[in-house]
Amino acid sequence: RGWWHGSAFHEAWLSCSPIERRQILTVSLSAAVLNLGFGVVIPALPALSQQLGFGATGVGLLLAAPSVAKLLANLPAGAMGDSFGRVRCMVAGTCISALGILGTGTVGTLAV
């Protein structure tokens, strides 16, 4: 008997319909892929900071930027979720994030 069987998570999973389980897996997989996009940058930060001339403060600000953006976007996103529906907003947000990550990965330079 492992951590899963008999746990609250297991009971909640069993209470879900197959459609709800598919939705949970889809959202979880999307979140995992998006978080991979943020985590991939961390090993490259020392070389990137040296190349761009960032100090420790610059690297800290670079790491904090996604969290600050989430903090600032939470309230407006909640209002949009109430207006347009949670599922539509989650799909739109995932698509926008994917486009941003793809765009970041395909640029050749940081020059504007």
Side-chain angles (χ1 to χ4, degrees):
R1 187 176 168 128
W3 68 271
W4 176 253
H5 292 288
S7 69
F9 296 115
H10 186 244
E11 297 300 321
W13 182 260
L14 292 176
S15 68
C16 292
S17 70
I19 293 173
E20 291 170 329
R21 289 179 188 175
R22 187 182 56 175
Q23 291 171 341
I24 290 169
L25 289 173
T26 301
V27 170
S28 298
L29 182 63
S30 298
V33 170
L34 289 174
N35 285 323
L36 273 175
F38 295 122
V40 164
V41 174
I42 293 174
L45 280 178
L48 184 64
S49 69
Q50 191 174 35
Q51 182 180 1
L52 297 175
F54 287 169
T57 304
V59 172
L61 289 171
L62 191 61
L63 287 173
S67 297
V68 171
K70 286 180 188 178
L71 178 70
L72 296 174
N74 274 344
L75 240 49
M80 287 176 59
D82 291 341
S83 298
F84 301 111
R86 291 178 295 178
V87 174
R88 284 183 181 166
C89 288
M90 286 191 297
V91 170
T94 301
C95 290
I96 292 168
S97 293
L99 287 173
I101 290 170
L102 286 172
T104 302
T106 57
V107 297
T109 180
L110 293 176
V112 179

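- Among all heavy-atom pairs drawn from Glu20 and Cys16, the shortest one is OE1-CA, 3.3 Å.
- Closest non-hydrogen pair, Pro66 versus Leu63, comes out as CD-O, 3.4 Å.
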Report, one line per pair, each donor and acceptor closer than 3.5 Å where one atom sits in a side chain of residues 75-87; sequence neighbours left out.
unit_1, atom_1, unit_2, atom_2, d
Ser83, OG, Ala79, O, 3.1

Under 3.5 Å donor-acceptor pairs involving side-chain atoms of residues 47-62, not counting sequence neighbours:
unit_1, atom_1, unit_2, atom_2, d
Ser49, OG, Leu45, O, 3.1
Ser49, OG, Pro46, O, 2.9

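- Evaluation of the side chain to side chain contact (heavy atoms under 4.5 Å, CB included) rule for Leu25 yields Trp13 as partners, not counting sequence neighbours.
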Point to revise | Chi angles and distances behind the side-chain contact (heavy atoms from CB on, under 4.5 Å) call for Ser67, Lys70 | key: CA-CA 5 Å; Ser67 297; Lys70 286 180 188 178; 5.7 Å; no
Show the atom names and distances, to 0.1 Å, of all donor-acceptor pairs under 3.5 Å that link a side chain in residues 88-102 to residues at least two apart or in another chain.
unit_1, atom_1, unit_2, atom_2, d
Thr94, OG1, Met90, O, 2.8
Ser97, OG, Gly93, O, 3.0

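- Hydrophobic cluster membership for Leu72: Val68 (Ile, Leu, Val, Met, Phe, Trp, Tyr linked by side-chain heavy atoms under 4.5 Å, directly or transitively).
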